[in-house]
2 protein chains.
Amino acid sequence: MTDVARRAGVALGTVSNVLNYPEKVSPETVQRVRDVIDELGFVRNTNARDLAGGRSRTIGLSVIDISNSLFVDIARGAQNFAEETGLNVMIANSDNKLESQDASLSFFDGSRVAGILLAPMQDSRASIDRVRRHGRPVVVLNYDDGDDDTCRVLVDNELVGYLAAQHLISLGRTRLAFIGGRDNLQPVHLRRAGARRAVEEAGGRVTLEEIPTETLDPPSGAEVGRAIIGRPPADRPDGVIAVTDLLGMAIIQVFNGAGVAVPSDIAVMGCDHNSAAWGGTISLTSVQMRGLEMGREGLRLLIDEISTSRDEHVHQTVMLEPAIVARESTVGRSAVVQR
Amino acid sequence: MTDVARRAGVALGTVSNVLNYPEKVSPETVQRVRDVIDELGFVRNTNARDLAGGRSRTIGLSVIDISNSLFVDIARGAQNFAEETGLNVMIANSDNKLESQDASLSFFDGSRVAGILLAPMQDSRASIDRVRRHGRPVVVLNYDDGDDDTCRVLVDNELVGYLAAQHLISLGRTRLAFIGGRDNLQPVHLRRAGARRAVEEAGGRVTLEEIPTETLDPPSGAEVGRAIIGRPPADRPDGVIAVTDLLGMAIIQVFNGAGVAVPSDIAVMGCDHNSAAWGGTISLTSVQMRGLEMGREGLRLLIDEISTSRDEHVHQTVMLEPAIVARESTVGRSAVVQR
DNA sequence: GTGAAAGCGCTAACAT
DNA sequence: ATGTTAGCGCTTTCAC
């Protein structure tokens, strides 16, 4: 910056003003300084800027698993909003390792980022507290650790299950099956509870069969699919809710290969709108988890917390409403207007 | 740090030494200072550190599209290696927008990162030159712009096609089909050329049919699949190479639904080992694009360029060898040892 | 082994 | 409107 000042024949402070408060400098000086900046290819040092200014324009996003499309959506949502507000989002991936998550948080802490968006892998209050004690705001995404002493953005997973079941019921299905992983996973538990509620509300005319699976991956889905096919047609469900899209996709393919028509014989749907399951020829009905909104809302809350006086900030929890995305696997080809 | 020094009853410089060169400080002092650091929850300011030290321990990774699993792999490869070397990798996603890519590069430039890994969306020499003129090393990943004035890590796409065709030929298939997008895409062009070479080498006993597609997405694959099924069995290929996994997966599902057995009637394989196509019950043979190695090698080259004296550095191109990943869709279920 | 002091490249308050 | 200057929190000589 000194070089720029000398070359433009002005003082250092003037260059700074041109950069930060151009309205305080005469137009011709602004022009001259800017020309020199271009000429020299000057890029101002963000570190020094943040250090001297005592603030930062970048926020850190830490996600558990960047290969899951929900987290990719979260990142994109946050970035889009950040763009509008002149902030920068840096992504750190934890690759499902808790120690990596901690390392990322420490890195962000050391970088004196303005704030942190954290989509944690499990209860991370200890790490969060540490960072926050250093005065760095943290907003938690997609994980309910029951701590309302922090801002969070969550999706109503009970409603996810409820909407899914309701969707199938509204299509006239009466023998539902809920294919889920183990119940100790928070989202699985909640979605199952929601499905039960919808079935109960339907009175006695709808039944719900619950089939647990070992994992949430395709092989488990295929296994369940084969088990269903092994039963006499009258004994099969006519509507299947898979707790993840990957599970649902695998089930569809088994049905496909066995001549069971989807959705006419059996309607199938997933619950987490995961692009990793978009490879199919039968597009999959699912429930939108609103990753984009989650990222965007999270950043909004974070900005709010950053700019509010530290003591006066009121933490809030935003509960996002999931929404059915109806596709061919439940409503059939003709009803799908656009992919 | 001043607080730490005062609380520990030592000078500022000593705290710095404890942090950076503990061997230069007496053990008891080290211990005392460290205790105070823990007690105060002190985290040193990376910005100030980099500013004062004139270097940085973080490197920037800019990818075109974080929703493509190849780029996710690249990121993970780079991060794994970075962990071993005490560096930090910050990911910036460009969401397929060229202006975002430029913004990311400028951000990294302003942050004075040690170096940049760039997986660009198209010829980006202009942007690269700008950054490099500021003395910041850049390594290009997965894109061959013909510029050997930079370090690059590429995958031999011609070999991808060659290996794919060879794999099918070695399984006794003689009527191959290459299902590709438009030939103006560099990878498509190269893979097709490789497939041709393998077929030529096989002499007259193997034929290669080339079927272009509008896009590289599932719908195009399904379309081709239906076209193939529409032909009399003797007229159909017995081995299909889809230029992307998504295409391949869609084709398999069409075959599946029509009672065409994969791989016994027709073997099908993809070419880019994309996890977005892993949802199937028939696991897909593909060609490993070595994203992890790409990230790792890229970072290795980058570190080399960073530490080498600026003038003495010799740019190099690492050409990664793709490898067949044989799965059920070509070799059948029994031959697949593990997923 | 430890301490003192000069910067790193900026911002922001103040002086002109 | 422009120039001057004191830090921001550290690293790094160089003395002690």
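Keep in mind the model is a prediction, meaning the values are calculated, not measured. Quick note on labels: first sequence line is chain A, next is B, and so on, each numbered from 1. Hydrogens, waters and symmetry mates play no part in the numbers below; they use all other heavy atoms, side chains included.
The side-chain contact (heavy atoms from CB on, under 4.5 Å) test applied to A:Leu70 returns A:Asn68, A:Ile74, A:Asn142, A:Met289, not counting sequence neighbours. Contacts of B:Arg34 classified as side-chain contact (heavy atoms from CB on, under 4.5 Å), with partners at least two apart in sequence or in another chain: B:Val18, B:Pro22, B:Val30. In this view, A:Asp35 and A:Gln31 satisfy the side-chain contact (heavy atoms from CB on, under 4.5 Å) rule, not counting sequence neighbours. Under the side-chain contact (heavy atoms from CB on, under 4.5 Å) criterion, A:Ser106 pairs with A:Arg130, sequence neighbours left out. Residues meeting the side chain to side chain donor-acceptor pair (under 3.5 Å) test with B:Gln101, sequence neighbours left out: B:Ser124.
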Side-chain donor-acceptor pairs under 3.5 Å in residues 1-9 of chain A, sequence neighbours left out?
| from | atom 1 | to | atom 2 | distance (Å) |
| --- | --- | --- | --- | --- |
| A:Asp3 | OD1 | A:Arg6 | NH2 | 3.0 |
| A:Arg7 | NH2 | A:Glu39 | OE2 | 2.3 |

Which pairs would a plain distance check flag for residues 111-122 of chain B, meaning a side-chain donor or acceptor within less than 3.5 Å of a matching protein atom at least two apart in sequence or in another chain?
| from | atom 1 | to | atom 2 | distance (Å) |
| --- | --- | --- | --- | --- |
| B:Ser111 | OG | B:Phe107 | O | 3.0 |
| B:Arg112 | NH1 | A:Val43 | O | 3.4 |
| B:Arg112 | NH1 | B:Asp109 | O | 2.9 |
| B:Arg112 | NH2 | A:Val43 | O | 2.6 |

Anything under 3.5 Å between a donor and an acceptor, one on a side chain of residues 80-89 of chain A, the other on a protein residue two or more places apart or in another chain? List them.
| from | atom 1 | to | atom 2 | distance (Å) |
| --- | --- | --- | --- | --- |
| A:Asn80 | ND2 | A:Arg76 | O | 3.4 |
| A:Glu84 | OE2 | A:Arg296 | NH2 | 2.8 |
| A:Thr85 | OG1 | A:Phe81 | O | 3.1 |
| A:Thr85 | OG1 | A:Ala82 | O | 3.1 |

Can you give one letter per nucleotide of nucleotides 5-16 of chain D, 5' to 3': B if a protein heavy atom sits under 4.0 Å from the base, S if only from the sugar-phosphate, - if neither?
-> --BBBBBB----
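Note on the helix from C:dG1-D:dC16 to C:dT16-D:dA1: terminal axis deviation equals 40°, with five pairs used at each end and the result rounded to 10°.
Interface limits on DNA chain C: the 5'-most and 3'-most nucleotides within less than 4.0 Å of chain B heavy atoms are C:dG1 to C:dG9.
The residue B:Thr29 sits close only to the backbone: its heavy atoms come under 4.0 Å of sugar-phosphate atoms, none of a base.
The only member of A:Arg132, A:His315, A:Gln316 that meets side chain to side chain donor-acceptor pair (under 3.5 Å) when paired with A:Thr150 is A:Arg132.
Residue pairs satisfying the salt bridge (Lys or Arg N to Asp or Glu O under 4.0 Å) criterion with at least one member in residues 10-26 of chain A, sequence neighbours excluded, are absent.
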